Amino acid sequence: MRTSVGIIGGGPAGLLLARLLHRTGIDCVVLESRTRAYVEERQRAGMLEQGTVDALRACGAGDRLNAEGLVHRGIELRFDGERHHIDFPGLTGGRTVTIYAQTEIVKDLVSLQLDGGPTLLFEAQALAVDGVEGGEPVVRFLHEGRERTLSCAYVVGCDGSHGIASAALPAGASRAYAHEYPYSWLGILADVPPSCEELIYARGEGGFALHSMRSPSVSRLYLQVPNGTDPADWPDERVWDELAARFAVDGDWRLERGPVTAKSVTPMRSLVREPMRHGRLFLAGDAAHIVPPTGAKGLNLAVSDVRVLAQGFAELHRSGSSRLLDRYSEVALTRVWQATRFSYDMTKMLHAQPDSDAFEARMQLARLRRITASRTAAAELAAHYTGLPLAL
Ligand code: APR
Ligand code: PHB
């Protein structure tokens with residue numbers, strides 16, 4: 001097989017990139033190692049920045065998002081038994097965020113792609129990328145029991161945090177900056193209407209808790225747990241009791257409980273690869289960077305990466321100039337580092353330190369109090385949460 005842009009990975013980054021390229025007349029092929037059912041069912045985050053929503057609408061993937069997405073005008077911060085609303089439109093000149101699950105975005109993009117879009121092969125596992133320093137890189141992949149090759153002008157690794165694209169970077173070509181956090185999130189999906197209108201980020205006595213949602217009848221909740229936690233040690237009643245304790249406030253508020261339909265534990269880390277390009281190989285989304293989920297930047301960064309990349313390819317296709325494509329890593333990383341810093345600070349501000357450092361706990365409260373007391377500090381949080389502009 002031969003194509004202009006070979007895309008490894010059919011998650012949100014790979015699928016949106018394919019869509020954007022297709023719309024500018026650039027041909028591409030997406031190789032996805034899993035089945036369609038698997039990628040469409042995988043539970044991930046679901047908070048979309050305004051720019052992410054705009055990008056999905058602009059590429060024709062906005063119908064269900066417009067009908068089913070829940071527009072949120074703020075978040076609630078809870079600590080010390082108090083509740084504080086952070087008003088996004090008021091603090092950012094009108095920006096909002098939208099709740100719409102990543103898995104729904106994937107379904108929308110897959111159906112657009114299979115309906116006359118560029119080639120998307122499921123159960124096509126990329127094995128290696130060769131020749132990225134030369135003129136025509138080749139992706140070797142397994143499909144229907146045999147090894148095949150895809151020759152491309154460029155390869156984009158959108159293959160997530162455990163993909164093979166980043167491994168194709170020769171030693172010294174790119175550096176990984178990483179940070180591990182001493183806690184994980186236990187997440188549940190429950191068939192119960194959300195107990196809140198906007199997301200609640202709580203710094204509870206026993207640690208962090210987040211109340212999110214998927215729809216008016218499905219709640220998504222998370223609890224900070226120690227690394228290495230086995231979900232089997234957390235029967236549903238224990239999860240609900242702990243959530244209720246961490247969300248407790250002075251005054252009237254009740255956490256509604258319901259049947260738990262999914263439960264899993266996710267470790268947290270930050271990682272940034274710099275640069276996000278080597279020769280004819282580009283990295284985008286989780287293949288290039290990981291953020292902890294506090295602040296929900298992972299999906300939004302994947303979208304902003306591929307928007308920059310698609311514009312670079314479009315300029316090259318239109319005018320023959322690689323000026324923008326050559327700036328991809330620099331432009332994308334400006335935003336990536338800001339989101340990395342934001343997620344890191346949100347995480348450190350809201351999670352209990354396992355060694356219960358009393359001084360650090362006071363620092364967390366001082367940061368939270370500053371955000372709720374100062375319009376400037378709140379506006380800073382709102383600007384990052386709703387998403388910084390692309391610095392093209
Ligand atoms: N060959 C083909 N496909 C592969 C390979 C491979 N060798 N390795 C991984 N993949 C596929 C995975 O099966 C997955 O569908 O690449 C895809 C990567 O998708 P995501 O992990 O969803 O990553 P990305 O598209 O960058 O989206 C980022 O996902 O992890 C979340 O929080 C993150 O929300 C963010 C979003
Ligand atoms: C989610 O809905 O899954 C979600 C929302 C906000 C976050 C993290 C996850 O910060």
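If you're wondering where the values come from, they're calculated on a predicted model, not measured in any experiment. Only heavy atoms go into these numbers, but all of them, side chains included; no hydrogens, no water, no symmetry mates. First listed ligand is number 1; within each ligand, the first listed atom is number 1.
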Chemist: Charged N to carboxylate O below 4.0 Å: is that the case for E198 and R73?
Modeler: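 R73 and E198: not salt-bridged.
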
Chemist: Which residue supplies the protein heavy atom nearest to atom 9 (C) of ligand 1, what is that atom called, and how far is it?
Modeler: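 Going by distance alone, atom 9 (C) of ligand 1 is nearest to D159 O, 3.2 Å.
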
Chemist: Considering all heavy atoms of both residues, which atom of D233 and which atom of R238 are nearest to each other, and what is their separation?
Modeler: O-NH1, 2.8 Å

Chemist: Check I8 against ligand 1 and report side chain, backbone, both or neither, counting heavy atoms closer than 4.0 Å.
Modeler: side chain

Chemist: Within the 4.0 Å heavy-atom shell around G295, which atoms of ligand 2 are there?
Modeler: 10 (O)

Chemist: Below 4.0 angstrom, N of the basic side chain to O of the carboxylate: do R369 and E82 qualify?
Modeler: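 Salt bridge present between R369 and E82.
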
Chemist: Quick test: of every protein heavy atom, which one is nearest to atom 17 (C) of ligand 1, and how far off is it to 0.1 Å?
Modeler: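 Answer for atom 17 (C) of ligand 1: E32 OE1, 3.6 Å.
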
Chemist: Hey, are the side chains of Q364 and R203 touching, using non-hydrogen atoms and a 4.5 Å cut-off?
Modeler: yes

Chemist: So which bit of D286 gets within less than 4.0 Å of ligand 1, heavy atoms only: side chain, backbone, both or neither?
Modeler: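 Both parts.
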
Chemist: Among all the protein's non-hydrogen atoms, which is closest to atom 7 (N) of ligand 1, and how far away is it?
Modeler: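 That would be A126 O, 3.0 Å.
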
Chemist: For the pair E144 and R146, find out whether any cationic side-chain nitrogen is under 4.0 Å from an anionic carboxylate oxygen.
Modeler: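 Salt bridge absent between E144 and R146.
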
Chemist: Under 4.0 Å from ligand 2, counting heavy atoms only, is it the side chain of S212, its backbone, both or neither?
Modeler: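 Looking at S212 and ligand 2, just side chain atoms fall under 4.0 Å.
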
Chemist: Closest heavy-atom contact between H72 and T96?
Modeler: O-CB, 3.5 Å

Chemist: So, is Y201 polar-close to ligand 2, with some N/O to N/O distance under 3.5 Å?
Modeler: yes

Chemist: Identify the two heavy atoms, one from G10 and one from E32, that lie closest to each other, and give their separation to 0.1 Å.
Modeler: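 Heavy atoms only, the tightest pair is N-OE1, 2.7 Å.
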
Chemist: So, is A296 polar-close to ligand 2, with some N/O to N/O distance under 3.5 Å?
Modeler: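 There is such a contact, yes.
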
Chemist: For the pair R257 and D191, find out whether any cationic side-chain nitrogen is under 4.0 Å from an anionic carboxylate oxygen.
Modeler: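 Salt bridge: no.
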
Chemist: Do the side chains of E136 and R2 get close enough for a salt bridge, i.e. N-O under 4.0 angstrom?
Modeler: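 The answer is yes: the pair qualifies as a salt bridge.
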
Chemist: Who's the nearest protein heavy-atom neighbour of atom 31 (C) of ligand 1, and how far?
Modeler: R44 NH1, 3.1 Å

Chemist: Does D63 come within less than 4.0 Å of R57, counting only side-chain N to carboxylate O?
Modeler: no

Chemist: Report, in ascending order of atom number, the atoms of ligand 1 lying under 4.0 Å from any heavy atom of G9.
Modeler: 3 (N), 11 (C), 16 (O), 17 (C)

Chemist: Taking both backbone and side-chain atoms of L199, is any N or O found less than 3.5 Å from an N or O belonging to ligand 2?
Modeler: no

Chemist: Relative to the heavy atoms of L210, which atoms of ligand 2 are at a distance of less than 4.0 Å?
Modeler: 6 (C), 7 (C), 8 (C), 9 (C), 10 (O)

Chemist: Looking at K297 and E49, is any side-chain nitrogen of the basic one under 4.0 Å from a carboxylate oxygen of the acidic one?
Modeler: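 Looking at K297 together with E49, the answer is yes, because their closest N to O distance falls below 4.0 Å.
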
Chemist: Considering heavy atoms of the protein only, find what lies nearest to atom 18 (C) of ligand 1 and give residue, atom and distance to 0.1 Å.
Modeler: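 Checking every protein heavy atom, the shortest distance to atom 18 (C) of ligand 1 gives C158 O, 3.4 Å.
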
Chemist: Can we say D250 and R83 salt-bridge, meaning some charged N sits less than 4.0 Å from an Asp/Glu carboxylate O?
Modeler: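 So D250 does not pair with R83 through a salt bridge.
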
Chemist: So which bit of I99 gets within less than 4.0 Å of ligand 2, heavy atoms only: side chain, backbone, both or neither?
Modeler: neither

Chemist: Which residues pass the side-chain hydrogen bond (donor to acceptor under 3.5 Å, both in side chains) test with D159, sequence neighbours left out?
Modeler: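 Residues passing side-chain hydrogen bond (donor to acceptor under 3.5 Å, both in side chains) with D159: none at all.
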
Chemist: Among all protein heavy atoms, pick the one closest to atom 8 (C) of ligand 2 and tell me residue, atom and distance.
Modeler: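 For atom 8 (C) of ligand 2, the nearest protein heavy atom is P293 O, 3.3 Å.
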
Chemist: Are any of the N/O atoms in G160 less than 3.5 Å from those in ligand 1?
Modeler: no

Chemist: Of all the non-hydrogen atoms in the protein, which one sits nearest to atom 9 (C) of ligand 2, and at what distance?
Modeler: Y222 CE1, 3.7 Å

Chemist: Give the numbers and elements of all ligand 1 atoms closer than 4.0 Å to a heavy atom of Q125.
Modeler: 1 (N)

Chemist: State, to 0.1 Å, how close G90 and R375 come at their nearest heavy-atom pair, and which atoms those are.
Modeler: O-NH2, 2.9 Å

Chemist: Using 4.0 Å as the upper bound for N to carboxylate O, is an ion pair formed by E147 and R140?
Modeler: yes

Chemist: For R214, take its heavy atoms, then give the atoms of ligand 2 lying under 4.0 Å from any of them.
Modeler: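 With R214 as reference, the close atoms of ligand 2 come out as 1 (C), 2 (O), 3 (O).
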
Chemist: Output the list of atoms in ligand 1 that are nearer than 4.0 Å to some heavy atom of A13, sorted by atom number.
Modeler: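 Per the distance check, 24 (P), 25 (O), 26 (O).
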
Chemist: Should you measure from each heavy atom of G285, which atoms of ligand 1 turn up under 4.0 Å away?
Modeler: 26 (O)

Chemist: Around atom 34 (O) of ligand 1, find the nearest protein heavy atom and jot down its residue, atom name and distance.
Modeler: Q102 OE1, 2.5 Å

Chemist: So is there a nitrogen or oxygen of I164 less than 3.5 Å from a nitrogen or oxygen in ligand 1?
Modeler: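 Between I164 and ligand 1 (N or O atoms, distance only) the closest approach is not under 3.5 Å.
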
Chemist: Determine whether Y181 and S270 satisfy the following criterion, side chain to side chain contact (heavy atoms under 4.5 Å, CB included), listing intermediate values before the conclusion.
Modeler: CA-CA 8 Å; Y181 299 81; S270 295; 2.6 Å; yes

Chemist: Can you find an N/O atom of A302 closer than 3.5 Å to an N/O atom of ligand 1?
Modeler: no

Chemist: For atom 4 (C) of ligand 1, find the nearest protein heavy atom and state the residue, atom name and distance (0.1 Å precision).
Modeler: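 Result: S33 OG, 3.3 Å.
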
Chemist: Would you mind checking which non-hydrogen protein atom is closest to atom 35 (C) of ligand 1, with the distance to 0.1 Å?
Modeler: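 For atom 35 (C) of ligand 1, the nearest protein heavy atom is L299 N, 3.2 Å.
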
Chemist: Within ligand 1, which atoms have a heavy atom of A124 less than 4.0 Å away?
Modeler: 1 (N), 2 (C)

Chemist: Is there a side-chain contact between Y344 and T294 (heavy atoms, below 4.5 Å)?
Modeler: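 They are not in contact (no side-chain heavy atoms under 4.5 Å apart), so the answer is no.
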
Chemist: Can you list the ligand 1 atoms lying under 4.0 Å from a non-hydrogen atom of R34?
Modeler: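 Those qualifying, in numeric order: 13 (O).
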
Chemist: Numbering the atoms of ligand 1 from 1, which are under 4.0 Å from a heavy atom of R42?
Modeler: 12 (C), 13 (O), 14 (C), 15 (O)

